[in-house]
2 protein chains.
Amino acid sequence: MALQKLSPTVIEGLTQIPLLKDLPADLIASILNVAQRRAVEEGSAFFFQGDPAEKVYVLLEGRVKLFQLTPDGQQVLLRVIGPWSLFGAIALAHGEFYPVTAQTAQNSTALYWPVSVLMGFINKSPQLAMNALQIMAGHVQEFQDRFRELATERVERRLARAILRLTSQTGKKVPEGILLNLPITRQDLAEMTGTTLYTVSRILSQWESQGLIQSGREKIIICFPHGLVNIAEDLPARQT
Amino acid sequence: MALQKLSPTVIEGLTQIPLLKDLPADLIASILNVAQRRAVEEGSAFFFQGDPAEKVYVLLEGRVKLFQLTPDGQQVLLRVIGPWSLFGAIALAHGEFYPVTAQTAQNSTALYWPVSVLMGFINKSPQLAMNALQIMAGHVQEFQDRFRELATERVERRLARAILRLTSQTGKKVPEGILLNLPITRQDLAEMTGTTLYTVSRILSQWESQGLIQSGREKIIICFPHGLVNIAEDLPARQT
DNA sequence: AATTGTCTTTGCGCTGGCGCAAACAAAAGC
DNA sequence: GCTTTTGTTTGCGCCAGCGCAAAGACAATT
């Protein structure tokens with residue numbers, strides 16, 4: 001029923017996503033056919049941490065931040081996702097509640113399926129289950145890696161990594177370099193890297209004075225990516 | 001072919017593990033039937049980080065540490081597992097290489113299956129795929145949580161959490177309290193909590209002087225679990 | 001009993017990063 | 001335009017935790 005509302009371009013895009021990879025065309029069609037659609041304006045949320053996990057989402061457009069709240073109210077930004085990404089997939093694994101909040105950073109729309117529906121498809125198609133498994137496995141690896149980073153590396157390097165990661169997801173070429181095409185605050189970066197907004201601000205200022213980046217309010221342009229990579233990796237001691 | 005070598009008690013135990021949960025008895029039988037068995041003595045490894053990921057293991061007895069090596073040679077201890085735990089499951093998701101090393105902390109034996117074999121079963125049983133998915137999802141959540149911990153909490157609390165986690169896995173009652181039934185060094189604890197062995201030692205000494213624990217070489221006994229929980233959670237300010 | 005290797009403890013100095021405070025800058029609202 | 005809100009920068013003091021070094025404790029080996 002939602003299918004006719006999806007543009008061919010969107011459908012084309014959807015057939016490429018990891019969740020639907022290598023599925024027979026007719027199965028993809030019937031899955032998309034029962035998808036529902038939801039638009040959420042900037043600053044609102046698709047779901048909150050603690051909500052019953054009963055839907056699985058694929059972002060069509062916009063930008064979504066996934067974060068966790070600590071018992072004492074601090075936030076930790078786990079992921080920032082763009083179009084074609086899956087989120088809320090924990091629901092598939094009979095997770096009772098979403099462990100994160102999915103808040104929009106821009107006006108966004110997403111497709112979603114009730115778990116029960118998706119589960120029905122999984123029972124018919126092991127490939128779909130395998131795809132889900134692979135996505136999950138990817139997340140496990142990513143968080144293992146970030147855990148290691150946080151445990152062993154200092155802030156400057158973690159920040160460089162985080163920015164490079166974001167760049168690869170949302171980077172957009174502009175004359176001065178690569179623009180992080182996403183409104184992101186110092187606070188956000190701090191929450192992603194396990195530090196404070198002050199420290200992020202200081203490091204960005206330092207990088208700016210070295211000509212590595214240009215930054216402004218909720219805006220970062222990477223002028224010299226290689227410099228950041230040098231910081232992120234263990235490469236030769238860098239000279240100013 | 002390995003089935004007849006497994007004692008009924010072991011088979012009984014295996015049918016309970018999350019991976020095989022809710023599977024028809026005959027399927028479990030045929031899965032166990034093609035399992036192979038491998039013993040690894042203390043200090044050796046089932047596999048190393050970077051090895052091709054082609055087997056999935058279930059620990060039958062012993063204790064296995066899963067850790068990652070950083071590019072510059074530091075270790076990070078991701079998990080310590082005991083009997084009935086699944087490891088190397090990344091292989092199921094077409095992970096090319098193991099992202100961790102699985103080293104034994106005691107003489108250990110495990111069952112294992114080549115991925116291809118297990119994959120065959122998955123194609124026949126969506127339930128098996130679901131089980132794997134749930135296990136993965138559990139890991140994602142665990143690492144998200146630990147990431148948050150590492151990003152927002154101080155060492156003492158992280159250490160308390162780590163020890164409580166280990167206790168719930170391997171705790172054994174003794175007259176003085178609960179013994180961590182696993183040879184674990186200060187260094188190991190440091191690698192689990194993202195700190196240094198010096199800091200771990202200092203904190204344990206402090207707890208010992210407060211009567212919360214008794215500790216010795218590669219040995220920890222929790223005398224007053226509630227005290228640790230107080231530290232681990234955000235409970236009321238504790239007085240000495 | 002003595003030796004060796006591994007693990008643990010603790011003193012000490014140092015620093016990376018925290019976090020308050022206060023000023024500044026850029027949007028957004030009126 | 002002015003005000004308010006939201007985000008950013010930076011000085012400053014402080015401390016949690018790091019990491020060296022050196023001594024002590026325990027286990028295993030000879």
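Chain A is the first sequence line, chain B the second, and so forth, proteins listed ahead of strands; every chain is numbered from 1.
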Worksheet item: Can you tell me how far the CZ atom of A:R202 sits from the CG atom of A:L197, to the nearest 0.5 Å?
Response: 9.0 Å
Worksheet, complete the sentence: Residues at least two apart in sequence or cross-chain that pass side-chain contact (heavy atoms from CB on, under 4.5 Å) with B:Q106, listed by chain then number, are B:R63, B:P183
Worksheet, complete the sentence: Rounded to whole Å, the CD-P distance (A:Q187 to D:dT9) equals 13 Å
Worksheet item: Quick one: side-chain contact (heavy atoms from CB on, under 4.5 Å) partners of A:Q74, sequence neighbours excluded?
Response: A:T70, A:D72, B:T152
Worksheet item: Within the side chain of B:N107, is there an N or O that forms a donor-acceptor pair under 3.5 Å with the backbone of B:E41?
Response: no
Practice prompt. Scan residues 48-77 of chain A for pairs that pass ring pair (Phe, Tyr, Trp, His ring centres under 6.0 Å), counting only residues two or more places apart or in two chains.
Written response: A:F46-A:Y57, A:F47-A:Y57, A:Y57-A:F87, A:Y57-A:Y112
Worksheet item: Who are the side-chain hydrogen bond (donor to acceptor under 3.5 Å, both in side chains) partners of B:R186, not counting sequence neighbours?
Response: B:S215
Practice prompt. Could you note down all residue pairs passing side-chain hydrogen bond (donor to acceptor under 3.5 Å, both in side chains) where residues 170-185 of chain A supplies at least one of them, sequence neighbours left out?
Written response: A:T185-A:D188
Worksheet item: Does a side-chain N or O from A:S215 land closer than 4.0 Å to OP1 or OP2 of D:dT8, or not?
Response: no
Item to complete: Rounded off to whole Å, could you give me the CD-to-P distance for the A:Q206 and C:dG16 pair?
Response: 11 Å
Worksheet item: Bend angle of the helix from C:dA1-D:dT30 to C:dC30-D:dG1 from five-pair axes at both ends, rounded to 10°?
Response: 40°
Worksheet item: Can you tell me how far P of D:dG17 sits from CZ of B:R186, to the nearest Å?
Response: 18 Å
Worksheet item: Quick one: B:Q74 CD to D:dC18 P, roughly how many Å, whole number?
Response: 11 Å
Worksheet item: B:L182 has an atom CG; how far is it from atom C1' of C:dC7, in whole Å?
Response: 15 Å
Worksheet entry | Protein-nucleotide distance (A:L204, atom CG; D:dT9, atom C1'), rounded to Å | 11 Å
Item to complete: Sugar-phosphate means primed atoms, P, OP1 and OP2; the rest is base. With that split, encode nucleotides 17-30 of chain C 5' to 3' as B, S or - using protein heavy atoms under 4.0 Å.
Response: SBBBB---BB----
Item to complete: Starting from C1' on D:dG17, measure out to CG on B:L150 and report it in whole angstrom.
Response: 13 Å
Practice prompt. For A:T185, report the nucleic acid contact type (base, sugar-phosphate, nothing); a contact means any heavy atom under 4.0 Å.
Written response: sugar-phosphate
Practice prompt. Scan for salt bridge (Lys or Arg N to Asp or Glu O under 4.0 Å) pairs involving residues 136-154 of chain B, sequence neighbours excluded, and state none if there are none.
Written response: B:E142-B:R146, B:D145-B:R148, B:E149-B:R161, B:E149-B:R165, B:E153-B:R161
Fill in: Residues which pass side-chain hydrogen bond (donor to acceptor under 3.5 Å, both in side chains) with B:E61, listed by chain and number, not counting sequence neighbours
none
Practice prompt. Starting at atom CG of B:D188, determine the distance to atom P of C:dC7, rounded to an integer number of angstrom.
Written response: 9 Å
